[in-house]
Amino acid sequence: MFNAALNDSTLFKFQGFINGEWVAADSGEEFDVINPANGECIAKVANLGASETQKAIVAAHEALEVWANITAKEKSIYLRKWYDLVIEHQNDLAHIMSLEQGKILSEALGEVIYGASYIEWFAEEAKRIYGDLLPSTTLNRRSLVMKQPIGVVAAITPWNFPTAMITRKVAPALAAGCAIVLKPAAETPLSALALAELAQRAGIPKGLFSVIPGTDAVAIGEQLTSHKLVKKVTFTGSTRVGKLLMAQSAQTVKRTSMELGGNAPVLVFSDADIDKAVEGTFAAKFRNAGQTCICANRLLVHASVYDEFVTKLTEKVSHFVLGNGMEASSTMGPLITNDAVENVSDLVADAVGKGATVNIGGAAREGEGYFYQPTVICGLDQTMRLSKEEVFGPVAPVFKFESDDEAIAMANDTEFGLAAYIFTNDQSRCWRVSERLEYGMVGVNETAISSEMIPFGGIKESGQGREGSKYGLDDYLETKYICLGNI
Ligand SMILES: NC(=O)c1ccc[n+]([C@@H]2O[C@H](COP(=O)([O-])OP(=O)(O)OC[C@H]3O[C@@H](n4cnc5c(N)ncnc54)[C@H](O)[C@@H]3O)[C@@H](O)[C@H]2O)c1
Ligand SMILES: O=C[C@H](O)CS(=O)(=O)O
(Lines give C-alpha, C1' and ligand atoms only; values in the text may rest on other atoms or scores of the structure.)
(Ligands and ions follow the chains in the order given, each with its own letter.)
Protein backbone atom coordinates (compact mmCIF):
# COMPACT_ATOMS: atom_id res chain seq x y z
CA MET A 1 0.00 0.00 0.00
CA PHE A 2 0.88 3.63 -0.06
CA ASN A 3 4.10 4.36 1.82
CA ALA A 4 4.71 8.00 1.03
CA ALA A 5 5.45 10.12 4.09
CA LEU A 6 2.64 12.62 4.53
CA ASN A 7 1.75 14.97 7.32
CA ASP A 8 -1.73 13.43 7.44
CA SER A 9 -1.68 9.84 6.21
CA THR A 10 -5.45 9.56 6.74
CA LEU A 11 -5.82 11.49 3.48
CA PHE A 12 -4.90 8.27 1.69
CA LYS A 13 -8.24 6.69 0.89
CA PHE A 14 -8.51 3.40 -0.96
CA GLN A 15 -12.26 2.80 -0.95
CA GLY A 16 -15.22 4.40 -2.66
CA PHE A 17 -17.08 7.20 -0.91
CA ILE A 18 -20.88 6.81 -0.98
CA ASN A 19 -23.42 8.58 1.22
CA GLY A 20 -20.79 9.62 3.72
CA GLU A 21 -19.36 6.09 4.05
CA TRP A 22 -16.07 4.57 2.84
CA VAL A 23 -17.01 1.37 1.03
CA ALA A 24 -15.30 -1.59 -0.60
CA ALA A 25 -16.46 -2.72 -4.03
CA ASP A 26 -19.53 -4.97 -4.01
CA SER A 27 -17.35 -7.41 -5.94
CA GLY A 28 -14.49 -7.10 -3.45
CA GLU A 29 -12.21 -6.28 -6.40
CA GLU A 30 -9.43 -3.70 -6.36
CA PHE A 31 -7.33 -2.02 -9.06
CA ASP A 32 -3.76 -0.78 -9.07
CA VAL A 33 -2.79 2.89 -9.10
CA ILE A 34 0.53 3.24 -10.92
CA ASN A 35 3.26 5.84 -10.47
CA PRO A 36 4.05 6.90 -14.07
CA ALA A 37 7.58 7.92 -13.07
CA ASN A 38 8.61 4.31 -12.46
CA GLY A 39 5.68 2.02 -13.23
CA GLU A 40 5.35 0.96 -9.59
CA CYS A 41 1.99 0.20 -7.94
CA ILE A 42 1.48 2.85 -5.27
CA ALA A 43 -1.97 1.79 -4.07
CA LYS A 44 -4.78 -0.70 -4.51
CA VAL A 45 -8.19 0.97 -4.69
CA ALA A 46 -11.69 -0.52 -4.47
CA ASN A 47 -12.97 -1.22 -7.99
CA LEU A 48 -16.56 0.05 -7.85
CA GLY A 49 -19.04 -0.38 -10.69
CA ALA A 50 -22.65 -0.02 -11.75
CA SER A 51 -24.31 -1.25 -8.55
CA GLU A 52 -22.39 1.15 -6.34
CA THR A 53 -23.08 3.98 -8.78
CA GLN A 54 -26.82 3.38 -8.45
CA LYS A 55 -26.53 3.59 -4.65
CA ALA A 56 -24.63 6.87 -4.90
CA ILE A 57 -27.26 8.36 -7.23
CA VAL A 58 -30.12 7.44 -4.88
CA ALA A 59 -28.19 8.84 -1.90
CA ALA A 60 -27.56 12.06 -3.84
CA HIS A 61 -31.25 12.41 -4.62
CA GLU A 62 -32.16 11.92 -0.97
CA ALA A 63 -29.54 14.45 0.16
CA LEU A 64 -31.06 17.19 -2.00
CA GLU A 65 -33.82 17.84 0.53
CA VAL A 66 -31.30 18.30 3.33
CA TRP A 67 -29.29 20.74 1.21
CA ALA A 68 -32.47 22.59 0.17
CA ASN A 69 -33.18 23.33 3.81
CA ILE A 70 -29.80 24.95 4.32
CA THR A 71 -29.55 28.63 3.47
CA ALA A 72 -27.24 30.02 0.81
CA LYS A 73 -25.14 31.60 3.55
CA GLU A 74 -24.76 28.26 5.32
CA LYS A 75 -23.85 26.53 2.03
CA SER A 76 -21.21 29.21 1.59
CA ILE A 77 -19.80 28.50 5.03
CA TYR A 78 -19.56 24.75 4.33
CA LEU A 79 -17.74 25.41 1.05
CA ARG A 80 -15.42 27.91 2.67
CA LYS A 81 -14.52 25.33 5.32
CA TRP A 82 -13.76 22.80 2.57
CA TYR A 83 -11.55 25.42 0.88
CA ASP A 84 -9.71 26.10 4.14
CA LEU A 85 -9.05 22.38 4.63
CA VAL A 86 -7.74 21.94 1.05
CA ILE A 87 -5.38 24.86 1.58
CA GLU A 88 -4.31 23.51 4.98
CA HIS A 89 -3.45 20.14 3.40
CA GLN A 90 -2.09 21.49 0.11
CA ASN A 91 1.32 19.87 0.46
CA ASP A 92 -0.11 16.42 1.15
CA LEU A 93 -2.56 16.77 -1.74
CA ALA A 94 0.29 17.83 -4.04
CA HIS A 95 2.34 14.85 -2.90
CA ILE A 96 -0.51 12.43 -3.63
CA MET A 97 -1.10 14.03 -7.04
CA SER A 98 2.54 13.94 -8.09
CA LEU A 99 2.78 10.26 -7.18
CA GLU A 100 -0.32 9.18 -9.11
CA GLN A 101 -0.21 11.62 -12.05
CA GLY A 102 3.52 12.27 -12.36
CA LYS A 103 3.61 16.06 -12.57
CA ILE A 104 6.46 17.80 -10.78
CA LEU A 105 5.66 18.83 -7.21
CA SER A 106 5.69 22.57 -7.96
CA GLU A 107 3.05 22.07 -10.65
CA ALA A 108 1.07 19.74 -8.40
CA LEU A 109 1.05 22.33 -5.63
CA GLY A 110 0.03 24.96 -8.15
CA GLU A 111 -2.86 22.79 -9.25
CA VAL A 112 -4.06 22.18 -5.69
CA ILE A 113 -4.12 25.92 -5.05
CA TYR A 114 -5.81 26.52 -8.41
CA GLY A 115 -8.37 23.81 -7.69
CA ALA A 116 -9.01 25.27 -4.23
CA SER A 117 -9.65 28.66 -5.81
CA TYR A 118 -12.79 27.24 -7.47
CA ILE A 119 -14.10 26.20 -4.05
CA GLU A 120 -13.28 29.66 -2.67
CA TRP A 121 -14.95 31.37 -5.64
CA PHE A 122 -18.16 29.33 -5.51
CA ALA A 123 -18.36 29.62 -1.74
CA GLU A 124 -18.97 33.29 -2.48
CA GLU A 125 -21.09 32.80 -5.61
CA ALA A 126 -23.44 30.57 -3.54
CA LYS A 127 -24.73 33.80 -1.99
CA ARG A 128 -25.32 35.50 -5.34
CA ILE A 129 -27.93 33.35 -7.08
CA TYR A 130 -30.49 35.99 -7.97
CA GLY A 131 -33.89 36.03 -9.68
CA ASP A 132 -35.84 38.69 -11.59
CA LEU A 133 -39.13 40.57 -11.32
CA LEU A 134 -40.24 41.18 -14.91
CA PRO A 135 -42.49 43.94 -16.36
CA SER A 136 -45.99 42.47 -16.63
CA THR A 137 -48.24 42.45 -19.68
CA THR A 138 -51.29 43.25 -17.53
CA LEU A 139 -51.90 45.27 -14.40
CA ASN A 140 -53.24 42.34 -12.36
CA ARG A 141 -50.28 40.04 -12.91
CA ARG A 142 -46.71 39.91 -11.69
CA SER A 143 -44.03 37.90 -13.52
CA LEU A 144 -41.03 36.64 -11.64
CA VAL A 145 -38.09 34.38 -12.34
CA MET A 146 -36.26 32.25 -9.83
CA LYS A 147 -33.20 30.06 -10.20
CA GLN A 148 -33.38 26.55 -8.78
CA PRO A 149 -30.79 23.75 -8.54
CA ILE A 150 -30.93 21.29 -11.40
CA GLY A 151 -30.77 18.37 -8.95
CA VAL A 152 -28.49 15.30 -9.06
CA VAL A 153 -25.37 15.89 -11.16
CA ALA A 154 -23.06 13.21 -12.59
CA ALA A 155 -19.44 14.21 -13.11
CA ILE A 156 -16.73 12.36 -15.04
CA THR A 157 -13.21 13.78 -14.97
CA PRO A 158 -9.78 13.20 -16.58
CA TRP A 159 -6.40 12.30 -15.12
CA ASN A 160 -4.40 15.32 -16.26
CA PHE A 161 -5.66 17.67 -13.51
CA PRO A 162 -6.80 15.26 -10.78
CA THR A 163 -7.85 18.04 -8.39
CA ALA A 164 -8.81 21.14 -10.37
CA MET A 165 -11.05 19.36 -12.88
CA ILE A 166 -13.00 17.97 -9.92
CA THR A 167 -13.39 21.11 -7.80
CA ARG A 168 -14.30 23.03 -11.00
CA LYS A 169 -17.46 20.88 -11.05
CA VAL A 170 -18.17 19.92 -7.45
CA ALA A 171 -17.91 23.46 -6.05
CA PRO A 172 -20.45 25.10 -8.40
CA ALA A 173 -22.76 22.10 -8.17
CA LEU A 174 -22.90 22.31 -4.37
CA ALA A 175 -23.08 26.11 -4.45
CA ALA A 176 -26.11 25.88 -6.74
CA GLY A 177 -27.84 23.47 -4.34
CA CYS A 178 -27.16 20.29 -6.29
CA ALA A 179 -25.77 16.92 -5.24
CA ILE A 180 -22.99 15.33 -7.29
CA VAL A 181 -21.71 11.81 -8.02
CA LEU A 182 -18.15 11.78 -9.37
CA LYS A 183 -16.31 9.19 -11.41
CA PRO A 184 -12.64 10.22 -11.49
CA ALA A 185 -10.13 8.79 -13.95
CA ALA A 186 -8.92 5.35 -12.87
CA GLU A 187 -5.34 6.57 -13.32
CA THR A 188 -5.75 9.22 -10.59
CA PRO A 189 -8.41 8.28 -8.00
CA LEU A 190 -6.40 9.16 -4.89
CA SER A 191 -6.66 12.92 -5.33
CA ALA A 192 -10.43 12.66 -5.75
CA LEU A 193 -10.79 10.49 -2.65
CA ALA A 194 -8.67 12.88 -0.59
CA LEU A 195 -10.92 15.76 -1.69
CA ALA A 196 -13.95 13.74 -0.56
CA GLU A 197 -12.33 13.13 2.82
CA LEU A 198 -11.78 16.86 3.28
CA ALA A 199 -15.34 17.63 2.15
CA GLN A 200 -16.59 15.23 4.82
CA ARG A 201 -14.35 16.92 7.42
CA ALA A 202 -15.86 20.25 6.34
CA GLY A 203 -19.25 18.90 7.37
CA ILE A 204 -20.81 18.81 3.91
CA PRO A 205 -23.86 16.61 4.50
CA LYS A 206 -23.64 12.96 3.50
CA GLY A 207 -24.79 11.96 0.04
CA LEU A 208 -24.14 15.37 -1.53
CA PHE A 209 -20.69 14.39 -2.86
CA SER A 210 -19.88 10.75 -3.62
CA VAL A 211 -16.84 9.32 -5.45
CA ILE A 212 -16.93 6.13 -7.55
CA PRO A 213 -13.39 4.89 -8.29
CA GLY A 214 -13.39 2.11 -10.86
CA THR A 215 -11.88 0.77 -14.05
CA ASP A 216 -15.17 -0.05 -15.79
CA ALA A 217 -15.82 3.49 -17.00
CA VAL A 218 -18.38 2.27 -19.51
CA ALA A 219 -20.57 0.57 -16.88
CA ILE A 220 -20.32 3.47 -14.44
CA GLY A 221 -20.92 5.94 -17.23
CA GLU A 222 -23.99 4.07 -18.44
CA GLN A 223 -25.53 4.45 -14.99
CA LEU A 224 -24.60 8.10 -14.72
CA THR A 225 -26.00 8.96 -18.15
CA SER A 226 -29.17 6.87 -18.04
CA HIS A 227 -30.46 6.95 -14.45
CA LYS A 228 -33.69 8.96 -14.26
CA LEU A 229 -32.65 10.65 -11.01
CA VAL A 230 -29.60 12.20 -12.72
CA LYS A 231 -30.57 15.54 -14.30
CA LYS A 232 -27.19 16.67 -15.58
CA VAL A 233 -23.92 15.20 -16.81
CA THR A 234 -20.76 17.27 -16.66
CA PHE A 235 -17.72 15.79 -18.39
CA THR A 236 -14.13 16.78 -18.93
CA GLY A 237 -12.09 14.64 -21.25
CA SER A 238 -11.68 13.67 -24.88
CA THR A 239 -14.09 14.73 -27.58
CA ARG A 240 -14.55 11.07 -28.53
CA VAL A 241 -15.90 10.17 -25.09
CA GLY A 242 -17.80 13.42 -24.78
CA LYS A 243 -19.82 12.55 -27.88
CA LEU A 244 -20.64 9.13 -26.45
CA LEU A 245 -21.82 10.62 -23.17
CA MET A 246 -23.93 13.28 -24.89
CA ALA A 247 -25.65 10.58 -26.93
CA GLN A 248 -26.27 8.44 -23.85
CA SER A 249 -27.59 11.44 -21.91
CA ALA A 250 -29.99 12.36 -24.70
CA GLN A 251 -32.18 9.31 -23.98
CA THR A 252 -33.40 10.94 -20.75
CA VAL A 253 -32.86 14.54 -21.96
CA LYS A 254 -30.21 15.32 -19.38
CA ARG A 255 -28.43 18.64 -19.61
CA THR A 256 -24.75 18.31 -20.36
CA SER A 257 -21.61 20.39 -19.91
CA MET A 258 -18.69 19.25 -22.02
CA GLU A 259 -15.06 20.34 -21.57
CA LEU A 260 -13.44 18.42 -24.39
CA GLY A 261 -10.34 18.17 -26.51
CA GLY A 262 -8.22 21.04 -27.71
CA ASN A 263 -5.81 21.91 -30.50
CA ALA A 264 -4.56 25.35 -29.50
CA PRO A 265 -2.70 27.41 -32.11
CA VAL A 266 -0.16 30.06 -31.17
CA LEU A 267 0.11 32.83 -33.80
CA VAL A 268 3.40 34.76 -33.64
CA PHE A 269 3.28 37.77 -35.97
CA SER A 270 6.24 39.65 -37.44
CA ASP A 271 5.86 42.57 -35.02
CA ALA A 272 5.66 40.37 -31.90
CA ASP A 273 8.03 40.67 -28.97
CA ILE A 274 9.83 37.40 -29.77
CA ASP A 275 11.26 36.87 -26.31
CA LYS A 276 7.78 37.27 -24.82
CA ALA A 277 6.32 34.98 -27.48
CA VAL A 278 8.94 32.31 -26.78
CA GLU A 279 8.39 32.60 -23.00
CA GLY A 280 4.62 32.37 -23.30
CA THR A 281 4.68 29.56 -25.85
CA PHE A 282 7.20 27.58 -23.80
CA ALA A 283 4.97 27.80 -20.73
CA ALA A 284 1.79 26.93 -22.64
CA LYS A 285 3.40 24.05 -24.52
CA PHE A 286 5.28 22.19 -21.78
CA ARG A 287 3.10 22.64 -18.68
CA ASN A 288 2.23 19.19 -17.25
CA ALA A 289 4.57 17.65 -19.87
CA GLY A 290 2.26 19.00 -22.57
CA GLN A 291 -0.77 17.20 -21.14
CA THR A 292 -3.23 20.05 -20.81
CA CYS A 293 -6.29 20.74 -22.95
CA ILE A 294 -5.09 24.29 -23.72
CA CYS A 295 -1.48 23.44 -24.45
CA ALA A 296 0.07 25.22 -27.42
CA ASN A 297 -0.50 22.45 -29.94
CA ARG A 298 0.48 24.15 -33.23
CA LEU A 299 3.00 27.01 -33.29
CA LEU A 300 2.29 29.25 -36.30
CA VAL A 301 5.16 31.72 -36.76
CA HIS A 302 5.55 34.44 -39.39
CA ALA A 303 8.33 33.59 -41.87
CA SER A 304 10.29 36.75 -41.04
CA VAL A 305 10.80 35.74 -37.38
CA TYR A 306 10.66 31.95 -37.76
CA ASP A 307 14.38 31.21 -37.40
CA GLU A 308 14.82 33.51 -34.39
CA PHE A 309 11.77 32.02 -32.69
CA VAL A 310 12.85 28.39 -33.30
CA THR A 311 16.41 29.06 -32.11
CA LYS A 312 15.29 30.72 -28.87
CA LEU A 313 12.59 28.12 -28.15
CA THR A 314 15.01 25.24 -28.76
CA GLU A 315 17.54 26.79 -26.42
CA LYS A 316 14.99 27.05 -23.61
CA VAL A 317 13.85 23.45 -24.16
CA SER A 318 17.44 22.20 -23.92
CA HIS A 319 17.48 23.03 -20.20
CA PHE A 320 14.63 20.71 -19.20
CA VAL A 321 15.47 18.01 -16.61
CA LEU A 322 13.25 14.97 -17.12
CA GLY A 323 12.65 13.05 -13.91
CA ASN A 324 10.44 11.82 -11.12
CA GLY A 325 8.09 14.64 -10.15
CA MET A 326 8.93 14.08 -6.50
CA GLU A 327 12.58 14.99 -7.06
CA ALA A 328 13.41 18.68 -6.65
CA SER A 329 15.79 18.61 -9.62
CA SER A 330 13.08 17.53 -12.08
CA THR A 331 11.51 20.21 -14.27
CA MET A 332 9.36 17.87 -16.33
CA GLY A 333 7.70 14.63 -15.31
CA PRO A 334 6.49 11.57 -17.24
CA LEU A 335 3.44 11.09 -19.43
CA ILE A 336 0.54 9.27 -17.83
CA THR A 337 1.01 5.87 -19.47
CA ASN A 338 3.24 4.01 -21.88
CA ASP A 339 0.41 4.20 -24.42
CA ALA A 340 0.62 7.99 -24.19
CA VAL A 341 4.35 7.80 -24.97
CA GLU A 342 3.66 5.56 -27.94
CA ASN A 343 0.98 7.94 -29.24
CA VAL A 344 3.39 10.89 -29.12
CA SER A 345 6.11 8.79 -30.73
CA ASP A 346 3.75 7.88 -33.57
CA LEU A 347 2.88 11.54 -34.22
CA VAL A 348 6.55 12.52 -34.42
CA ALA A 349 7.43 9.51 -36.59
CA ASP A 350 4.62 10.43 -39.01
CA ALA A 351 5.98 13.96 -39.38
CA VAL A 352 9.61 12.90 -39.76
CA GLY A 353 8.56 10.27 -42.28
CA LYS A 354 6.97 13.04 -44.34
CA GLY A 355 10.03 15.29 -44.23
CA ALA A 356 9.90 17.18 -40.92
CA THR A 357 13.12 17.77 -38.98
CA VAL A 358 13.65 17.38 -35.23
CA ASN A 359 15.61 20.26 -33.68
CA ILE A 360 15.76 18.73 -30.20
CA GLY A 361 14.28 15.63 -28.53
CA GLY A 362 12.16 13.49 -30.80
CA ALA A 363 12.16 10.19 -28.91
CA ALA A 364 10.98 8.45 -25.77
CA ARG A 365 13.51 8.35 -22.94
CA GLU A 366 14.90 4.91 -22.30
CA GLY A 367 14.61 3.39 -18.83
CA GLU A 368 11.89 3.25 -16.17
CA GLY A 369 8.77 5.32 -16.33
CA TYR A 370 6.79 6.83 -19.19
CA PHE A 371 9.00 9.71 -20.34
CA TYR A 372 9.14 11.48 -23.69
CA GLN A 373 11.92 13.95 -24.45
CA PRO A 374 10.78 17.60 -24.80
CA THR A 375 10.83 18.18 -28.53
CA VAL A 376 10.90 21.00 -31.10
CA ILE A 377 10.11 19.90 -34.66
CA CYS A 378 10.19 22.03 -37.83
CA GLY A 379 9.61 21.76 -41.56
CA LEU A 380 5.98 20.74 -41.08
CA ASP A 381 3.06 20.83 -43.49
CA GLN A 382 -0.68 20.19 -43.47
CA THR A 383 -0.31 16.55 -44.56
CA MET A 384 1.17 15.63 -41.20
CA ARG A 385 -0.88 14.34 -38.25
CA LEU A 386 0.74 17.02 -36.04
CA SER A 387 -1.16 19.63 -38.05
CA LYS A 388 -4.52 18.11 -37.10
CA GLU A 389 -4.27 16.05 -33.88
CA GLU A 390 -3.99 16.97 -30.21
CA VAL A 391 -0.46 15.97 -29.19
CA PHE A 392 -1.00 15.71 -25.43
CA GLY A 393 2.74 15.50 -24.94
CA PRO A 394 5.91 17.67 -24.89
CA VAL A 395 6.21 18.19 -28.65
CA ALA A 396 6.29 21.68 -30.21
CA PRO A 397 5.55 21.59 -33.96
CA VAL A 398 6.52 24.95 -35.53
CA PHE A 399 4.71 25.92 -38.74
CA LYS A 400 5.47 28.95 -40.96
CA PHE A 401 2.99 31.50 -42.38
CA GLU A 402 3.28 34.58 -44.61
CA SER A 403 0.06 36.57 -44.08
CA ASP A 404 -2.56 37.27 -41.41
CA ASP A 405 -5.27 35.60 -43.48
CA GLU A 406 -3.13 32.48 -43.92
CA ALA A 407 -2.43 32.30 -40.17
CA ILE A 408 -6.10 32.65 -39.27
CA ALA A 409 -7.12 30.04 -41.84
CA MET A 410 -4.51 27.60 -40.49
CA ALA A 411 -5.56 28.29 -36.89
CA ASN A 412 -9.24 27.68 -37.64
CA ASP A 413 -8.59 24.56 -39.77
CA THR A 414 -9.60 22.14 -36.98
CA GLU A 415 -12.77 20.69 -35.46
CA PHE A 416 -11.57 21.97 -32.08
CA GLY A 417 -12.18 25.42 -30.62
CA LEU A 418 -10.97 25.61 -27.03
CA ALA A 419 -8.06 28.07 -26.67
CA ALA A 420 -5.87 30.08 -29.05
CA TYR A 421 -3.03 32.54 -28.46
CA ILE A 422 -1.64 35.44 -30.48
CA PHE A 423 1.49 37.54 -30.09
CA THR A 424 1.54 40.95 -31.75
CA ASN A 425 2.00 44.56 -30.69
CA ASP A 426 -0.42 45.83 -33.33
CA GLN A 427 -3.62 46.82 -31.48
CA SER A 428 -5.74 46.66 -34.61
CA ARG A 429 -4.43 43.18 -35.38
CA CYS A 430 -5.22 42.08 -31.81
CA TRP A 431 -8.90 42.88 -32.38
CA ARG A 432 -9.12 41.68 -36.00
CA VAL A 433 -7.49 38.34 -35.33
CA SER A 434 -9.07 37.64 -31.92
CA GLU A 435 -12.55 38.18 -33.37
CA ARG A 436 -11.89 35.88 -36.35
CA LEU A 437 -10.40 33.01 -34.33
CA GLU A 438 -13.01 30.25 -33.79
CA TYR A 439 -12.18 29.51 -30.16
CA GLY A 440 -13.83 29.89 -26.77
CA MET A 441 -10.78 31.54 -25.23
CA VAL A 442 -8.07 33.72 -26.79
CA GLY A 443 -4.87 34.85 -25.08
CA VAL A 444 -3.31 38.03 -26.49
CA ASN A 445 0.38 38.36 -25.64
CA GLU A 446 -0.40 36.01 -22.74
CA THR A 447 -0.79 32.25 -22.37
CA ALA A 448 -1.48 31.98 -18.61
CA ILE A 449 -5.19 32.56 -19.19
CA SER A 450 -6.83 30.21 -16.69
CA SER A 451 -8.34 31.18 -13.35
CA GLU A 452 -11.48 30.57 -11.31
CA MET A 453 -12.73 33.99 -12.31
CA ILE A 454 -12.90 33.42 -16.09
CA PRO A 455 -15.43 31.45 -18.17
CA PHE A 456 -13.37 28.38 -19.15
CA GLY A 457 -14.69 26.45 -22.12
CA GLY A 458 -14.72 25.89 -25.84
CA ILE A 459 -16.81 25.87 -29.01
CA LYS A 460 -17.10 23.53 -31.98
CA GLU A 461 -16.01 20.02 -30.89
CA SER A 462 -14.19 21.33 -27.81
CA GLY A 463 -17.46 21.31 -25.95
CA GLN A 464 -20.29 23.34 -24.48
CA GLY A 465 -20.83 25.23 -21.23
CA ARG A 466 -18.43 27.26 -19.12
CA GLU A 467 -16.67 26.53 -15.83
CA GLY A 468 -15.65 29.23 -13.37
CA SER A 469 -16.51 32.95 -13.34
CA LYS A 470 -19.97 34.41 -12.73
CA TYR A 471 -21.17 32.25 -15.65
CA GLY A 472 -20.10 29.00 -13.99
CA LEU A 473 -23.22 28.53 -11.90
CA ASP A 474 -25.61 28.69 -14.87
CA ASP A 475 -24.78 25.11 -15.82
CA TYR A 476 -26.16 23.88 -12.49
CA LEU A 477 -29.35 25.97 -12.33
CA GLU A 478 -32.79 25.83 -13.88
CA THR A 479 -34.79 28.98 -14.63
CA LYS A 480 -38.37 28.95 -13.33
CA TYR A 481 -40.97 31.55 -14.35
CA ILE A 482 -43.82 32.22 -11.94
CA CYS A 483 -46.87 34.25 -12.95
CA LEU A 484 -48.81 35.75 -10.06
CA GLY A 485 -52.38 36.57 -11.18
CA ASN A 486 -55.49 38.13 -9.72
CA ILE A 487 -53.61 41.02 -8.12
N1 LIG B 1 -11.64 21.06 -22.00
C2 LIG B 1 -11.07 20.82 -20.84
O3 LIG B 1 -11.22 21.57 -19.85
C4 LIG B 1 -10.22 19.59 -20.69
C5 LIG B 1 -9.51 19.43 -19.50
C6 LIG B 1 -8.70 18.28 -19.37
C7 LIG B 1 -8.63 17.33 -20.39
N8 LIG B 1 -9.34 17.52 -21.52
C9 LIG B 1 -9.23 16.56 -22.62
O10 LIG B 1 -9.25 15.20 -22.11
C11 LIG B 1 -8.45 14.38 -22.94
C12 LIG B 1 -7.41 13.65 -22.11
O13 LIG B 1 -7.99 13.13 -20.92
P14 LIG B 1 -8.35 11.61 -20.85
O15 LIG B 1 -7.37 10.78 -21.61
O16 LIG B 1 -8.59 11.23 -19.43
O17 LIG B 1 -9.75 11.59 -21.62
P18 LIG B 1 -10.79 10.40 -21.73
O19 LIG B 1 -11.93 10.96 -22.46
O20 LIG B 1 -10.17 9.16 -22.22
O21 LIG B 1 -11.24 10.09 -20.20
C22 LIG B 1 -11.86 11.10 -19.43
C23 LIG B 1 -12.73 10.42 -18.38
O24 LIG B 1 -13.77 9.72 -19.05
C25 LIG B 1 -13.80 8.36 -18.61
N26 LIG B 1 -14.30 7.55 -19.71
C27 LIG B 1 -13.63 7.07 -20.78
N28 LIG B 1 -14.46 6.39 -21.60
C29 LIG B 1 -15.70 6.45 -21.03
C30 LIG B 1 -16.99 5.94 -21.36
N31 LIG B 1 -17.19 5.23 -22.48
N32 LIG B 1 -18.03 6.18 -20.52
C33 LIG B 1 -17.84 6.91 -19.39
N34 LIG B 1 -16.65 7.42 -19.01
C35 LIG B 1 -15.60 7.18 -19.82
C36 LIG B 1 -12.39 8.08 -18.20
O37 LIG B 1 -12.35 6.98 -17.30
C38 LIG B 1 -12.01 9.39 -17.52
O39 LIG B 1 -12.51 9.42 -16.22
C40 LIG B 1 -7.79 15.31 -23.94
O41 LIG B 1 -8.49 15.31 -25.15
C42 LIG B 1 -7.90 16.68 -23.29
O43 LIG B 1 -7.88 17.74 -24.24
C44 LIG B 1 -10.13 18.64 -21.71
O1 LIG C 1 -6.28 20.53 -19.19
C2 LIG C 1 -7.16 21.32 -19.04
C3 LIG C 1 -7.17 22.31 -17.92
O4 LIG C 1 -8.46 22.86 -17.86
C5 LIG C 1 -6.12 23.36 -18.17
S6 LIG C 1 -6.10 24.61 -16.95
O7 LIG C 1 -5.27 24.10 -15.83
O8 LIG C 1 -7.50 24.86 -16.50
O9 LIG C 1 -5.50 25.78 -17.58
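All ligand and atom numbering here is 1-based and tracks the order in the structure.
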Heavy-atom distances under 4.0 Å are what count here, so tell me which part of [X] touches ligand 1: side chain, backbone, both or neither.
X      : value
Glu390 : side chain
Leu245 : side chain
Leu418 : side chain

Tell me the protein heavy atom at minimum distance from [atom], and give that distance in Å.
atom                    : result
atom 3 (C) of ligand 2  : Cys293 SG, 3.4 Å
atom 36 (C) of ligand 1 : Lys183 NZ, 3.8 Å
atom 32 (N) of ligand 1 : Ala217 O, 3.6 Å
atom 31 (N) of ligand 1 : Val218 CG2, 3.7 Å

Next on the checklist: Does the structure place the NZ or CZ of Lys103 under 6.0 Å from the centre of the six-membered ring of Phe161, at an angle of no more than 45° from the ring's axis?
Outcome noted: yes
Checklist entry - Under the 6.0 Å and 45° cation-pi test, does Lys232 pair with Tyr476? => result yes
Checklist entry - What do you reckon, does Asn160 have a nitrogen or oxygen under 3.5 Å from a nitrogen or oxygen of ligand 2? => result yes
N or O pair under 3.5 Å between [X] and ligand 1:
X      : value
Trp159 : yes
Leu260 : yes
Met165 : no

Checklist entry - Which word best sums up how the rings of Phe392 and Trp159 line up, parallel for under 30°, tilted for 30 to 60°, or perpendicular for over 60°? => result perpendicular
Is the shortest distance from a heavy atom of [X] to ligand 1 less than 4.0 Å?
X      : result
Phe161 : no
Ala186 : no
Gln223 : no

Next on the checklist: Contact between ligand 2 and Glu111 is defined here as a heavy atom of the residue under 4.0 Å from a ligand atom; is it met?
Outcome noted: no
Checklist entry - Looking only at heavy atoms of Glu259, does any of them come nearer than 4.0 Å to an atom of ligand 2? => result no
Next on the checklist: Test your reading of the model: is there a side-chain donor-acceptor pair from Glu446 to the backbone of Ala448, 3.5 Å cut-off?
Outcome noted: yes
